[in-house]
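In what follows, every heavy atom counts, from backbone to side chain, and hydrogens, waters and symmetry copies are set aside.
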Amino acid sequence: MQGLVVFGRTGQVGCELARLAPDATFLDRNDADLRDPTACELAIKEARVVINTAAYTAVDRAEAEPALAYAINADAPAAMAKACKANNIPFIHISSDYVLDGTGDTARNESTKPAPKNVYGTSKLAGEQAVMELGGQWAILRTSWVFSANGSNFVKTMLRLGRQHSEIKVVVDQFGGPTPARDIANALLVMAEVMQKDPSAGGIYHFAGYPDVSWADFAATALQMSGLDCQITPITTAEYPTPAVRPLNSRLDCRLIETAFGIARPDWRQSLTQIITQLDQS
């Protein structure tokens with residue numbers, strides 16, 4: 001896509017965008033230090049649309065590094081949004097289900113009041129709020145449980161552990177929709193194209209794969225597809241304490257993005273099969 005500038009070249013979504021939109025301009029930390037808002041502003045020059053896929057995603061480490069998490073997840077997108085507004089450029093920013101409170105057992109829509117429970121979530125919410133308050137033409141895409149053949153993610157961790165052990169203990173009381181990074185990249189490109197043509201397009205949208213599933217069942221499906229002889233033993237969140245509080249309910253209601261952009265929820269099982277094949281061949 002001509003005139004597309006993407007922050008975040010090496011992350012899961014950034015890698016997929018690079019495959020789908022090779023003519024776009026991709027910026028990594030060497031091109032624009034996300035800890036320096038001014039550098040982010042200066043990187044946006046001749047863009048026609050900007051997508052920010054870059055983020056501080058170390059959820060547990062963020063509890064001990066709140067300043068860094070806020071610099072990357074809040075200050076950087078704020079600088080990008082400011083520059084985009086000044087140049088009349090549409091801006092799309094990726095956020096997370098972690099901005100919500102993670103309670104209940106129903107899918108949350110975009111009108112649900114944010115109430116993050118950890119530093120990562122509060123830093124992502126601060127980024128959302130900054131983008132909205134600055135104005136201009138913007139869109140925020142909240143997603144969850146991202147996986148791909150690139151980078152670090154749950155699927156790759158489960159496959160690695162499945163090769164090393166005969167049993168893995170996985171949390172069974174946290175639910176969400178696993179989301180293939182390639183489908184997120186596709187959604188972003190559709191949104192970018194529509195927003196360039198329609199100055200009124202934008203807002204907050206939820207996007208996640210279906211069906212919703214527990215981490216334990218997601219892991220079991222990945223191991224089964226890979227043919228690994230490893231048993232998944234379900235445990236509760238209480239049995240697996242982490243520095244950062246994890247949401248029990250990451251289910252996202254994704255009807256609005258389908259209405260606004262024609263983007264339907266992807267079946268994560270189809271992408272999982274392809275990703276496992278890709279990893280086996282690498």
Show the atom names and distances, to 0.1 Å, of all donor-acceptor pairs under 3.5 Å that link a side chain in residues 225-233 to residues at least two apart or in another chain.
from: Ser226; atom 1: OG; to: Ala222; atom 2: O; distance (Å): 3.2
from: Ser226; atom 1: OG; to: Leu223; atom 2: O; distance (Å): 2.8
from: Thr233; atom 1: OG1; to: Glu167; atom 2: OE2; distance (Å): 2.5

Side-chain contact test, heavy atoms from C-beta onward, threshold under 4.5 Å: evaluate it for [X] versus [Y] and give yes or no.
X: Glu193; Y: Leu189; result: no
X: Val172; Y: Ile235; result: no
X: Thr143; Y: Asp97; result: no
X: Asn52; Y: Ile94; result: no
X: Asp267; Y: Pro211; result: yes
X: Val213; Y: Phe175; result: no
X: Val6; Y: Leu27; result: no
X: Phe7; Y: Val50; result: yes

Residue list, side-chain hydrogen bond (donor to acceptor under 3.5 Å, both in side chains) with [X], at least two apart or on another chain:
X: Arg160; value: none
X: Tyr70; value: Thr122
X: Arg251; value: Asn249

Shortest non-hydrogen contact between [X] and [Y], atoms and distance:
X: Pro77; Y: His93; result: CB-CE1, 3.6 Å
X: Ala78; Y: Ala130; result: CB-CB, 3.6 Å
X: Ala244; Y: Glu63; result: CB-OE2, 3.7 Å
X: Ile72; Y: Ala55; result: CG2-C, 3.7 Å
X: Gly202; Y: Met195; result: CA-CE, 4.4 Å

Can you pull the ring pair (Phe, Tyr, Trp, His ring centres under 6.0 Å) pairs that have at least one residue in residues 233-266, sequence neighbours excluded?
Tyr205-Phe261
If a pair satisfies ring pair (Phe, Tyr, Trp, His ring centres under 6.0 Å) and one of its residues is in residues 95-130, list it, with sequence neighbours excluded.
Tyr98-Tyr120
Consider only side-chain heavy atoms of I, L, V, M, F, W and Y, link residues closer than 4.5 Å, and tell whether [X] and [Y] are in one cluster.
X: Val131; Y: Val99; answer: no
X: Leu68; Y: Val59; answer: no
X: Val190; Y: Tyr210; answer: no
X: Phe207; Y: Leu256; answer: yes
X: Ile184; Y: Val155; answer: no

What verdict does the side-chain contact (heavy atoms from CB on, under 4.5 Å) test give for Asn186 and Arg182, after you've listed the backbone C-alpha separation in whole Å, the side-chain angles of each residue and the deciding distance to 0.1 Å?
CA-CA 6 Å; Asn186 270 312; Arg182 188 176 185 85; 4.2 Å; yes
Please confirm whether the backbone N or O of [Y] pairs with a side-chain atom of [X], one donor and one acceptor, at under 3.5 Å?
X: Asn109; Y: Ser111; value: yes
X: Lys169; Y: Pro234; value: no
X: Thr106; Y: Gly104; value: no
X: Ser144; Y: Ala208; value: no
X: Ser271; Y: Pro180; value: no
X: Arg108; Y: Thr103; value: yes
X: Lys85; Y: Gln137; value: no
X: Ser214; Y: Gln174; value: no
X: Asp173; Y: Thr237; value: yes

Could you state the interatomic distance from [atom1] ([X]) to [atom2] ([Y]), rounded to the nearest 0.5 Å?
X: Leu252; Y: Glu110; atom1: CG; atom2: CD; answer: 8.5 Å
X: Leu17; Y: Leu4; atom1: CG; atom2: CG; answer: 7.0 Å
X: Gln224; Y: Leu272; atom1: CD; atom2: CG; answer: 10.5 Å
X: Thr242; Y: Asp60; atom1: OG1; atom2: CG; answer: 5.0 Å
X: Leu100; Y: Thr112; atom1: CG; atom2: OG1; answer: 6.0 Å
X: Ile204; Y: Ile257; atom1: CD1; atom2: CD1; answer: 12.5 Å

[X] and [Y]: side chain donor to acceptor below 3.5 Å:
X: Gln12; Y: Asn153; result: yes
X: Ser148; Y: Glu16; result: no
X: Thr25; Y: Arg9; result: no
X: Glu239; Y: Thr236; result: yes

How far apart are the C-alpha atoms of Ile89 and Arg48, what are their side-chain angles, what is the distance that settles it, and do they pass the side-chain contact (heavy atoms from CB on, under 4.5 Å) test?
CA-CA 6 Å; Ile89 299 168; Arg48 293 179 58 191; 5.9 Å; no
Among Trp215, Trp268, Phe154, the one residue meeting ring-ring contact (aromatic ring centres under 6.0 Å, His included) with Trp145:
Trp215
Please collect all salt bridge (Lys or Arg N to Asp or Glu O under 4.0 Å) contacts where either partner lies in residues 200-218, sequence neighbours excluded, each pair once.
Asp212-Arg265
Taking salt bridge (Lys or Arg N to Asp or Glu O under 4.0 Å) as the definition, give me every residue that meets it alongside Asp253, ordered by chain and number, with sequence neighbours left out.
Arg255
Taking only residues two or more places apart in sequence, or in another chain, which ones meet Asp75 in a salt bridge (Lys or Arg N to Asp or Glu O under 4.0 Å)?
none
Ring pair (Phe, Tyr, Trp, His ring centres under 6.0 Å) against Phe147, all qualifying residues, sequence neighbours excluded:
Phe218
Partners meeting ring pair (Phe, Tyr, Trp, His ring centres under 6.0 Å) with Trp138 (sequence neighbours left out)
none
Among Ile263, Ile92, Val49, Asp183, which residue meets the side chain to side chain contact (heavy atoms under 4.5 Å, CB included) test with Leu188?
Ile92
Is there any side chain to side chain donor-acceptor pair (under 3.5 Å) pair reaching into residues 124-133, and which pairs are they, with sequence neighbours excluded?
Ser95-Glu128, Glu128-Arg142
